[in-house]
Amino acid sequence: MIPINLPKIGEEEVEAVVKVMRSGPLTNALGAGPMVTQFEKNFAKFAGVKHAIAVNTGTAALHSAIVAAGVKQGDEVILPSFTFVATAEAVVMAGGKPVFTDIDPETYNISPAVIKKNITKKTKAIIPVDLYGLSAEIKPISEIATKHGLAVVEDAAQAHGATYNGKPAGVFADAACWSLYASKNMTTGEGGIITTDGDEMAETLRLIRTHGEKAKYASLMLGYNYRMSEIQAAIGLVQLDKLPAFVAKRRENAKRLTRLLAKTDKLQLPEETNDRQHSWYLYTVRLKNATENERNKIVEELRQKGIGAEVYYVNPVHLMPYYRENFGGRKLPETEKAAKQVFSLPIHPSVTEAQVDYIGKTLLSLL
Ligand SMILES: Cc1ncc(COP(=O)(O)O)c(C=O)c1O
């Protein structure tokens, strides 16, 4: 089976881990050991911002950023439902109410026009998600946020290597949250990192990461143990150096697959524009005008032929039992339609040209 994603770990990562394990320290009580500090410095440079704060998951990154953005009990936060559940989880963990908002059917990203309609007196923040690795429409979203005094926390969990107007994804938000989970464009096994230009925001995030402490045993605010270990940071430093090559190979595979699949008009293919470069975390197609069963049949047939096609996301968050019961009620027609018609194909850096050709030809033969 060609898996949908696969971490690419080399001898360099192994050596970096062994070095930390032999000489230590393994972690730092305030979350800022030498490897973590160096990783943050390098990641901030890559992301084109002043600060990066490393944490232990992308979910922790989102939760920390939502709290640091000032979201409190009862505040409303606008976000897509067509995302991984962690985006909504972070809001609920902070005591906020997720306001699920429909998407643009072409990009699958949250629609600025629908955001405008969903703003109320209780709205505190917006979380655009760079879904599949294509940057959300961050400029119009930032303009709406500025007009209404809202924070923008970008969920860039899938966007390592994506750009918007020539700048790295995340630059135009108050804070951007990245996942370093094993499937992502770069990984630390589990891990996350928040990038921001805000000095005060960065300071608060560092407190939240480690029990609200600037010095041991003197908590200044409610915090958590969201610290990244030195071992994870050592892996991250190597992976970050390799990221440009990983993304270049993903792009090459995506272009090759698009050349093949452009032969049919039954699929809506993913696209990048001059102002938005994809990170190519997921190559997602839509089976136009299809029912859910028709889509599922093709996914199943691809899997039988050794192609690890997957559906992201078969259940939009507002339809999951917990979220439907507590925060449901809103109809999201474009989200519900996309959830029935999309599926993703493997293009990660270990997928060879021959495998891309096989994926393309196999899919064409099934349509
Ligand atoms: C869009 C999105 N948001 C948040 C997360 C959560 O990240 P993590 O799994 O590192 O907690 C992920 C990845 O899993 C994601 O894809």
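Start at 1 with the first residue, then count along the sequence. Whatever order the structure lists ligands and atoms in, that order sets their numbers, starting from 1.
- The shortest contact between atom 5 (C) of ligand 1 and any protein heavy atom is with Phe84 CD2, 3.6 Å.
- The N/O atoms of Asp155, backbone and side chain alike, include one that comes under 3.5 Å of an N/O atom in ligand 1.
- Heavy-atom separations between Ala61 and ligand 1 are all 4.0 Å or longer.
- Among Ala88, Ser179, Ala182, Ser183, the residue whose heavy atom sits closest to atom 7 (O) of ligand 1 is Ser179.
- Below 4.0 Å from some heavy atom of Gly191 lie the following atoms of ligand 1, by number and element: 10 (O).
- Ligand 1 lies less than 4.0 angstrom from a heavy atom belonging to Leu62.
- Annotation: cation-pi geometry not satisfied between Lys97 and Phe327 (NZ/CZ under 6.0 angstrom from ring centroid, within 45° of ring axis).
- Residue Thr83 places no N or O, backbone or side chain, under 3.5 Å from any N or O of ligand 1.
- Once rounded to the nearest 0.5 Å, the distance linking OG1 of Thr101 with CZ of Phe82 reads 15.0 Å.
- Taking distance alone, with nitrogen or oxygen atoms compared against 3.5 Å, Gly58 approaches ligand 1 more closely than that limit.
- Considering backbone and side-chain atoms together, Thr59 places an N or O closer than 3.5 Å to an N or O of ligand 1.
- The aromatic ring centroids of Tyr224 and His63 lie less than 6.0 Å from each other.
- Not close to ligand 1: Glu190, with no non-hydrogen atom less than 4.0 angstrom away.
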